[in-house]
Amino acid sequence: MSRSPMIARTMPALRRALESLRARKATVALVPTMGALHDGHLSLVRLAKRRAAKVVVSIFVNPAQFAPTEDFSSYPRTWKSDVAKLAAAEVDLIWNPAVKTMYPDGFATRILTEGPATAGLEDRFRPHFFGGVTTVVGKLFTQCRPNFAMFGEKDFQQLRVVARMARDLDLDVKVVGSPTVRERDGLAMSSRNVYLSPQERRAAPALYRAMRDSARRMRGGGDVGAVLAGAAELIAAAGFTLDYLEVRHAETLAPLASVKGQPARLLVAARIGKTRLIDNVAV
Ligand code: AMP
């Protein structure tokens, strides 16, 4: 039987727990999450276990990264099943601070990032988002002082933003990206997929299919503009409204007119009904 993870909810409890984990200089990997855990999150945990002796998973639905119009209060919260999954995965510590612990009265600091955070992708549609993410991830890094931190390629721009921030602020943590885990029909796993109606859920895999086929055509020498136009049509025909569909440099996220001779990534955000989905593939 797997041992239950320690659970810390206050800073003193976190410090005590980390001290016991770090005995004999054990390395620590952190997996930041907002809970509602699925196999995508658990793949990050498995990667963390391969890289470090001890694994900490944070579960914190971060109000700072939601706009007032977004789904902070209705975001799925599944604490009991999350703990069971993390126990089965043999995680050592769950860091689950209250909002007031993370943002006590008077909290007045925000980490502002440029570069990948102002690439004109998610930031164009969710202008509050990366400031909230970097502020909370910066705090998680200083609270937990991990040697490694695992982030999903599913949120590709976020991965680039966090890696840049860690380097820029000398946070001495290795940010590690991990491939997107998908449902059998190709839909990228996401805590927000529960918002999809049965009909939307049936339509949703069209997004990945269009992305995968477009990437293949671009690699085969297809004209980027023409391939993107075809993909946009397919995505719209499946019932989505596009926020963006773009090819970017995989490291800098700079716009690319051609994918020849450079690492490229195809990124999409699209809305279906009340749900906004994002996805990306290597080109
Ligand atoms: P979230 O709980 O949605 O904030 O996600 C926490 C972490 O899990 C982030 O680093 C995400 O990129 C990652 N993640 C979410 N969905 C997936 C997925 N389908 N495959 C791989 N990683 C994922």
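For reference, positions follow the sequence shown, starting with 1. Keep in mind the model is a prediction, meaning the values are calculated, not measured. Both counts, for ligands and for their atoms, begin at 1 and track the order of listing.
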Given E122, E200, E70, the one that forms salt bridge (charged side-chain N to carboxylate O under 4.0 Å, His left out) with R276: E122
Minimum side-chain heavy-atom gap Y75-Y195 below 4.5 Å: yes
Donor-acceptor pair between N280 and Q157 side chains, under 3.5 angstrom: no
Shortest protein contact, atom 22 (N) of ligand 1 (heavy atom only): G152 CA, 3.6 Å
R182, portion touching ligand 1 at heavy-atom distance under 4.0 Å: neither
D172, CG: over 12 other non-hydrogen atoms inside 6.0 angstrom: no
Identity of the nearest option to atom 16 (N) of ligand 1, non-hydrogen atoms only, from H38, E183, Q65, R192: H38
From the candidates M34, M150, Q158, the one that places a heavy atom nearest atom 4 (O) of ligand 1: M34
Min side-chain heavy-atom separation W95-P97 under 4.5 Å: yes
Shortest protein heavy-atom distance from atom 20 (N) of ligand 1, along with the residue and atom involved: V181 N, 2.9 Å
Value rounded to 0.5 Å, distance of CZ in R212 from CZ in R182: 9.5 Å
Per-residue contact class, A36 against ligand 1 - non-hydrogen pairs under 4.0 Å: neither
Donor-acceptor side-chain pairing of N62 and Y103 below 3.5 angstrom: yes
Location of contacts on H41 toward ligand 1, heavy atoms closer than 4.0 Å: side chain
Protein contact to atom 12 (O) of ligand 1 [nearest heavy atom, distance to 0.1 Å]: D155 OD2, 2.6 Å
Residue T33 vicinity, atoms of ligand 1 by number, heavy atom under 4.0 Å: 2 (O), 6 (C)
Check against salt bridge (Lys or Arg N to Asp or Glu O under 4.0 Å), R124 and E246: CA-CA 13 Å; R124 195 146 55 88; E246 293 200 32; 3.5 Å; yes
Under-4.0 Å heavy-atom contact with ligand 1, by part of P32 that carries it: backbone
Salt bridge (Lys or Arg N to Asp or Glu O under 4.0 Å) assessment of R201 paired with D185: CA-CA 10 Å; R201 177 63 190 81; D185 59 13; 2.9 Å; yes
Heteroatom distance test (E153, ligand 1): nitrogen or oxygen, under 3.5 angstrom: no
Atom 23 (C) of ligand 1 [closest protein heavy-atom partner, distance rounded to 0.1 Å]: K154 CB, 4.0 Å
Within 45° cone and under 6.0 Å: R77 NZ/CZ vs F72 ring: yes
Contact check: M189 vs ligand 1, nitrogen or oxygen atoms, below 3.5 angstrom: yes
Nearest-neighbour protein heavy atom for atom 21 (C) of ligand 1, which is reported as residue plus atom name and distance: P179 O, 3.5 Å
N or O contact, F151 vs ligand 1, cut-off under 3.5 Å: no
A188, any N or O under 3.5 Å of ligand 1 N or O: no
Ligand 1-proximal atoms of L44, by part, heavy-atom distance under 4.0 Å: side chain
Parallel, tilted or perpendicular: rings of F125 and Y244 (30°, 60°): tilted
